[in-house]
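In what follows, chains carry the letters A, B, and so on, assigned in the order in which the sequence lines appear, proteins first and then strands, with residues in each chain numbered from 1. Bear in mind the structure is a predicted one, so any value in this text is a computation, not a measurement. Both backbone and side-chain heavy atoms feed into the values below; hydrogens, waters and symmetry mates do not.
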Amino acid sequence: MVPVFAIQFWNSPEGAVPMSDNPGSPAKSKGLTRREVIKAAVAVGGVSASAYLFRGYIFGNQVRRAFGSAPGSMGRLITLNVNGRRRHVDVMPQETLAMTLRYKLGLTGTKLGCDRAECGSCTVLLDDVPHYSCSVLTQTVRNRKILTIEGLAGPDGTLHPVQQGIVEQQGFQCAFCMSGFIMAAIGFLKVNPNPTREELARGVSGNLCRCTDYHKILDALMRGAELSRGASHA
Amino acid sequence: MAIVRESSAIIRDVMPAFELFQPTSIEEALSVLAQYGTDAWVLAGGIDSFDWLKDRIKRPKAVVDLGRIRELRGVRELAGGGVEIRAMTTLTDVVLHPAIRKSFKLLADAAESAASPQIRNQGTIGGNVSQDTRCWYYRSGFPCYRAGGNICYADTPYGMNREHAILGAARCVAVSPSDSAPAMVALEAKMLVRNSNGERAVNAEDYFIGPGFDITRMTVLKQGDILTAIRIPSAWANASFYFEKISDRPVWDFPIVNIAAAKVISGGKIRRIRLVVNGVAAHPWRLRQVEEAVTGQPADEQTGARAGELAIADAVPLQHNGFKLPLMRNLVKRAICATPA
Amino acid sequence: MPDSKQEGTAAQVPLVTADTPADKSKLVGQNYVTPDLFAKVTGQAKYAEDFRAEGMLFAKLLLSPYPHARILEIDASQALAMPGVRAVLTMKDLPPPADYMTDLGVLIKANPLGERGLAMEPLYQGEPIAAVAAVDELTAADAVEKIRVTYEPLPFVIDPLASLRPGGPNARVEGNVWGVLGPEAPVGAKRTTPVPEVREIKWTEEDFRGYDEGKMPTGTPTGEWSYGDVEGGFKNAALVLDESFQTPNTSHECLETRTSMAYWQGGKLHLFGSTQSTSQTVPAIARWMNMKPEDVVLVSEYTGGGYGSKVTSSVHLIIPAMLSKKCHAPVMMRITREDENYIGRARPSLTGRMKAGFGPDGRLLALDMFVVADNGPYDEVHDTYISGQIVSLLYQPVAMRWRGISVLTNTPPRSPQSSPGGLQGITLMEPVLAKAARRLKIDLLAIHRINAPEGKAPLGPAVDGKRAHATGCFMKEALDQGARRFQWEERRKANSGKRNGSKIRGVGVSSSSFKSGSKGFDGLFVIQPDGKMYVQSGIGNLGTEDFSDVHRVAAEMVGMPWEKVVVTWGDTSKHLPWTCISGGSQTAHAMTRAAYAAAMDAIGKLQQIAAKDHGGRPENYEVRNERVYRQGGGPVMTLAHAAQRAIALGGVYDGHELPKDINPMTVRSAKALAGRGLMGVARDNYRQDGTVFSFVASFAEVEIDVETGTYKIVDFLAVADAGRVIHPAAIGGQILGRSMLGIGHAIGQKWVFDQHLGLPVARRFYQTKPPTILDAPARMDWAALNIPDPEGPVGAKGIGEPPVPGGCCAILNAISDALGDDIFRRAPVTLDMILTSLENGHPVISGLAADI
Amino acid sequence: MHIIQWAANPWGQMVPIHIAWALIWVFAIAGLTFLIVHAIWVRYFARRQEFAGPALSPGAAAALPAKIERHSLAARLFHWVMAAAMLVLLFTAFLPKVGVRFSWVTYHWVAGLILLASIVFHIVHASFFQNFGSIWPDKSDLADARNRTLRALGRSAPPPRRFGKYPFENKLYHLIIVIAGLAVAVTGAFMLFRVETPFLARNPYILSDMTWGFVYVLHGLAGVGLIALVTVHIYFALRPEKLPITKSMIFGSISRDHFLEQHDPQRWVVSSGNAGAGPSRAD
């Protein structure tokens, strides 16, 4: 039941190093003084909290249990497909996708608002379908296509039409809920590219905004839908 | 005089460590369940489970994720017009399935009224019908009857019980929060339950149980049981359906009362009918007397009004939920005289 | 059809709406892409929990299971023995509360009974008692469970009226009310505030007569003021109403919890927090930490909502700071949603008794208002007092008496929430106004117009013979504009009470107002030789966009295109000026004034430099279009060139000499920036006659299903008097967004407590019911009167608060328009109340307790 | 194995909530074991009972009625009502706990009320209309018990006297059942506040959680205790040598021969027919 690669990589340093999207990760800042590391880390913001990762190594009991011989028991070293990249990461059995994204892959655009599948700030797409990543076990999304807010803009920085719509309409206020709304909207538009305002509202109704700027949010998302249609035709 | 108490610290965050199993067949799943017994937890969509785990109230040693078992997914049309929905089919897939939309719109409407889009994308039909009650005392991890204790915090002189039961209460006054469950009972669904001794089919009506029968469970599922599929017979295919859910919020909320009705009407008269209300008792509440009383009657306001009164005849309100009586009465009336859309 | 007078006023009023065409030649009043937006849409924006530091530890809180108890012992030995656990923090580890000198030179004495962040006598269930730092959250959480605490349970009370009953329990061992009231004895007058103390007040059984019939009891208040002949007013009244009403406790429920991360470096504390204010949070933290403000660095570039709950949010910020000090490592304290429910602040419910006398024309002749606030366990909230002030301004009662008492309860701590006291006061008053209109057969809009404030309208009590007054009120104009856009009269005729099957329609309107500006803060920017304008912004970025918007005023004044303006915000190590707190709708007014002052300072310096180099007197030169021009002539120098000259000249020009009246924080920042270019730095000293208030007229149409008690808001409009409009998109978002917050108070947001256990049972969003996107009205629209405030150089006013009560009460009034009087006596109006009232033919009287 | 089930109440205090249900089996097995051991003992090891001297001159014996009343009609009614209630209570209480699911609460509290009423009746009846003392063990019972034990063990000891109205074993059993019965009945009465009844408003807050905990534990312990007691009681009722007594609980009387064989007319004076008069100690 344990995936072969997990066993192979079990002792490899690669497995022990948090993979991160940015140059500031401790893996790459070897040799810096502690102060420099803190500066670098804080400056770029996205460094993985390696401690969060290392629990299993510090207290091996859990690691050993994670390799129980019973049918279906999972290994901890897995590969995820995030924003089109293969990401090799060490994941505890009870770890949620939101935690893996935020604390191990440095993808902090996915927010935790309630951690109870209620507010939608943590919404990501799994195979194009919106899910609350706070309520998905990372171990269960191996070999699924994970898309987060960071994966939307093109390499040249061109925004996704839905992002563009928000920029044009000055949508959202504090924007803590924004990435969740954007992902929910994109997922909805994939199955319903030409929605009425009311339909789109239903499509993103699994997301809360406490600035309660719902009206302007819908203006922006409707504009985003319009731009998306244009983009898909082009 | 001071009573001094040492309290055990309570923290309602961070899932405790457990061992995760992702079997690819039901047999495998059953063997893990057998191996761990009461220390095992079956994970379907997880929407209900993660509350228990993150609140650290339930602490299984092993979590068995059914997500990788192919035979537990998908909808299959049965010869003769019924459908079989495998338990791990998501609510979204149920809502969108053409056969269900065509013949059993009642179920599609019920499933669509549940929770939020993201939850319907992840939550399964099996999980939705089998979910635990949302009584806020029980969910707080208090040692109430349902949690194996000896008290009901909701039905006390101070209990906050606006959302609680008006029917079938027995010490525990919690209600079933499911939107799809009443539809299942109305459609005479059969629930297929598998355990090490094999598979048995249980009528939806008997699948859901009340506190009088077993105060700690909402369904007949016991340790080691897995709900594998739900079979909806052709009995009510294309009947005229009525589903309505009343809740405080139009999305991500549980029903205060919901109603699922299947009717066969000809010549303006009700020939056959199944009426099920949820959110009023610990299990979907089938209105047998009402069904008998209105069969053969015209599907009109009068019949509806009489049916409504009859429906709440045995209801016993708690301190804060008296409004559920007129609400249930009015919904029954609507369900009877509503003309198929 | 609307009368000609309305038409008349309407014609003269400049209006900004969502569809107002853009004017490229201007910055002020135009939409633009704010400098934070790209980072937000791409997920790059860093909120407090998005920062990481190598070796970062994680903190978890141990919360009190009791609503009130004394802690006899905390035994953390087992927790500390766990591998990976680094430290356990309790109250004993926290610095003692310190006195605090405001920038106005007022000494705020420390409150010995105030909140400490960690408690040894927890006063509400969920109050933090200890914090554990460990290598990861799982270890920290497991460690929390290993801490043994020995409690002595103490009496507790959830319902303020229960505490006022004879022999009722007190929330604190010392008593149930604060002995010293804040704003009634304005601190501005004194140089030192008295040390707050707690005393006990009980009412008599006699006072409680009528409680069971839903009449709010009235007894000894802690605050009272009045003006005019109230009794006489009642005598002459054509109609006297005596109504009791209950507003809800509502948590702010910011989507971003008050998570924070801290580490120490070179003796300085670096805090990454979620706070509304930037500059003002530094002295607050310094006070809690007993440190010098210079040694505190706060980073808060993006804040996920505040609404008054994070004005500085400093109380709990110090926990990771102290843990980090103990562990010599960075500490991240991730506040969970449940933690936030407890420590995240809430709006206090007000129970109100409103006795109102109306003339035959609907004029409010006399008002006797008594409010009881559910204060929570800590520092006194002033919602009681403000509710009276706002009502006295908004409805201009000829004579009025206000009495109030804020009772301590063992419930989570309160704080201001968008329109603190304003929401409650107006929500207590509007149903009375609507009922009066029905009794007197007056149109609901008319009764609002006839009582609306105008010009420099007076408010509150007379302090040594003089009543305070507003700088200017355009409530009537807002009502008239709204009536036109909403087609008020046509709608009332067509839809009011119209029945369709089980559905009934109702149309409502509400007035609203709130204080919307302060003054006396500093502006600071530097025009550098690269030709760019570098603006230092001490304003918090909590979504209002003020942190950037207000500086458009300065940029426009010095003729700087926005592309060449660089705004620095959210990091106090980056030399920010002294700034008002980002709360209470002060910023738009206060900081446009400060920006204006800094711009005037820069313009003056530019003119002087031009005069030095090109002869003539400074006033012969003017600044526009990135250049300095000779009046009536051509440009003499670019701003880039002027910046170089300023550096060469030094002194006042490049910030080596600074104004004497600016705040020490601004001085520090300006010194750090000196020599980089031409500095605009000044304190806002512009005079202002009166207090600034904004106004909103809100209109709503609802459709109620009388068989289910559910209702939909089919249309909503809010028209605001918010002074000069700086950024239409932002102001539109504020108007409708804050209206929606108020609508939440009308349709469902609430607390639920078990009074016997003293615990909240509603802990989740699906239980406390914040409004969803599907609760939003099917149609929504906004407009803003673009009338500059008569006082001050810019005339901008804040708009964060006044839409809230308007949103709430437009709905309440629409419901009663559909169903008639006495359907509800509390907010929110939920389907159970509607059904029961219709069923019984009389309103639900379930006691005057908020949390049910 | 732990005896009490604890749980954290809403304030985090550990309070007992009920006994460990495993005790059901412990006491059921204890009861069975007792009767098996006793049956074997009687069958293979026990000697015939011998009593001191002739009880009564044949003449006096002949004067006795052929049937001697042992239980009044009221007493018999009470016994059987109580027995029925007790059985219902035991089954409704413990069957669901061992997996036989049914809606039991209503039967349980109704039977409980009946038991309560019959107990009250019995106390009044026994105290004022019966020889209250006759059921409580007295000195001579203890002395005789000692002698009988010694003789049973084959040691020399004077033969015991015949019994009064109730044999010592009856008295002992009654004593224990009084303790268990009162405990279960009194605690049960309080527990009526926790279930839906037509005549009481539910209020779990009349006692503190801790007090409630002990109420439930006491109820449970007495309850499982009664499993064993009732088993033993039924066993004796069915034993051949005790059948006359069992019959007397149905028909009310025992035969003169049985009376003469087992009972001491001086300790159980029947001639005058007034059961009220205390025995005369004349030796």
Check: Looking at A:Leu152, A:Ile182, A:Asp115, A:Leu159, which has the largest count of heavy-atom pairs under 4.5 Å with chain C?
Finding: A:Leu159

Checklist line | Cation-pi geometry met for C:Arg52 and A:Tyr103 (6.0 Å, 45°) | finding: yes

Note to self: Tell me the closest heavy-atom pair linking C:Tyr47 and A:Ala175, and the distance in Å.
What the structure shows: OH-C, 3.3 Å

Next item on the list: Find the distance between NZ (A:Lys216) and CD1 (C:Ile735) and round it off to the nearest 0.5 Å.
Entry: 11.0 Å

Item checked: side-chain contact (heavy atoms from CB on, under 4.5 Å) between A:Gln170 and C:Thr34, intermediate numbers included -> CA-CA 8 Å; A:Gln170 187 69 41; C:Thr34 53; 3.1 Å; yes

Next item on the list: Applying side-chain contact (heavy atoms from CB on, under 4.5 Å), run through C:Ile773 and A:Phe181 and close with a yes or a no.
Entry: CA-CA 11 Å; C:Ile773 198 167; A:Phe181 263 99; 4.2 Å; yes

Checklist line | Nearest-0.5 Å distance that lies between atom CG in C:Asp50 and atom CZ in A:Arg102 | finding: 4.5 Å

Item checked: Under 3.5 Å: donor-acceptor pair, side chain of A:Gln173, backbone of C:Leu542 -> no

Checklist line | Shortest non-hydrogen contact from A:Glu150 toward C:Gly43 | finding: OE2-O, 4.2 Å

Check: Out of curiosity, A:Asn207 CG to C:Leu255 CG, how far, rounded to the nearest 0.5 Å?
Finding: 9.5 Å

Next item on the list: Carefully, step by step, assess A:Lys111 and C:Glu256 under the rule salt bridge (charged side-chain N to carboxylate O under 4.0 Å, His left out).
Entry: CA-CA 8 Å; A:Lys111 303 301 182 198; C:Glu256 183 201 19; over 6 Å; no

Notebook entry, point to check: Using non-hydrogen atoms only, which part of C:Gln749 is less than 4.5 Å away from chain A: side chain, backbone, both, or neither?
Noted result: side chain

Item checked: Region of C:Glu340 in contact with chain A, defined by heavy-atom distances below 4.5 Å -> neither

Item checked: Top of C:Gln44, C:Arg738, C:Glu49 for chain A proximity - count of heavy-atom pairs under 4.5 angstrom -> C:Glu49

Next item on the list: Just give me the residue among C:Pro771, C:Gly305, C:Ala45 that pairs up with chain A most often, heavy atom to heavy atom, under 4.5 Å.
Entry: C:Pro771

Check: For A:Arg202, is it the side chain, the backbone, both or neither that has a heavy atom under 4.5 Å from a heavy atom of chain C?
Finding: both

Note to self: The test is side-chain contact (heavy atoms from CB on, under 4.5 Å); show your working for A:Arg116 and C:Arg337 and say whether it passes.
What the structure shows: CA-CA 9 Å; A:Arg116 289 292 194 279; C:Arg337 179 51 53 186; 5.8 Å; no

Notebook entry, point to check: Is there side-chain contact between C:Phe38 and A:Val167, with at least one heavy-atom pair below 4.5 Å?
Noted result: no

Note to self: If I measure from the heavy atoms of chain C, does A:Ser205 come under 4.5 Å with its side chain, its backbone, both, or neither?
What the structure shows: both

Checklist line | Max heavy-atom pair count under 4.5 Å with chain A, selected residue of C:Gly304, C:Gly744, C:Ala134, C:Gly543 | finding: C:Gly543

Margin query: For chain A, which candidate among C:Ile743, C:Leu741, C:Asp781 shows the most heavy-atom pairs at distances under 4.5 Å?
Written below: C:Leu741

Checklist line | Contacting region of C:His252 [heavy-atom separation from chain A under 4.5 Å] | finding: backbone

Note to self: Return the OG to OH distance between C:Ser739 and A:Tyr214, rounded to the nearest 0.5 Å.
What the structure shows: 14.0 Å

Check: Below 4.5 Å, heavy atoms only, C-beta onward: do A:Arg210 and C:Tyr307 meet side chain to side chain?
Finding: yes

Check: Are the side chain of A:Gln163 and the backbone of C:Val41 linked by a donor-acceptor contact shorter than 3.5 Å?
Finding: yes

Item checked: Distance, nearest 0.5 Å, that separates SG of A:Cys119 from CZ of C:Arg764 -> 10.5 Å

Item checked: Among the listed options C:Ala729, C:Gly733, C:Ala18, C:Gly306, the residue most often paired with chain A at heavy-atom distances under 4.5 Å -> C:Gly733

Next item on the list: Using a cut-off of 6.0 Å, state whether more than 12 heavy atoms not belonging to C:Arg779 lie near its atom CZ.
Entry: no

Next item on the list: Determine whether C:Arg334 and A:Leu112 make a side-chain contact, defined as any pair of heavy atoms from C-beta on separated by less than 4.5 Å.
Entry: yes

Check: Closest approach of A:Leu208 and C:Pro770, non-hydrogen atoms and distance?
Finding: CD1-CG, 4.1 Å

Next item on the list: Show your reasoning for whether side-chain contact (heavy atoms from CB on, under 4.5 Å) applies to C:Met740 and A:Asp213.
Entry: CA-CA 7 Å; C:Met740 197 62 218; A:Asp213 198 2; over 6 Å; no

Next item on the list: Over all heavy atoms of both residues, which pair between A:His215 and C:Met780 is shortest? Give the atoms and the distance, please.
Entry: CE1-O, 3.1 Å

Margin query: Please give me the minimum heavy-atom distance between A:Thr212 and C:Gly737, naming the atom from each residue.
Written below: OG1-O, 2.7 Å

Check: Side-chain contact, heavy-atom cut-off 4.5 Å: A:Gln94 with C:Leu138?
Finding: yes

Next item on the list: Check whether A:Val162 gets within reach of chain C through its side chain, its backbone, both or neither, counting any heavy atom under 4.5 Å.
Entry: neither

Notebook entry, point to check: Taking atom NE2 of A:His160 and atom OG1 of C:Thr42, what is their separation to the nearest 0.5 Å?
Noted result: 14.0 Å

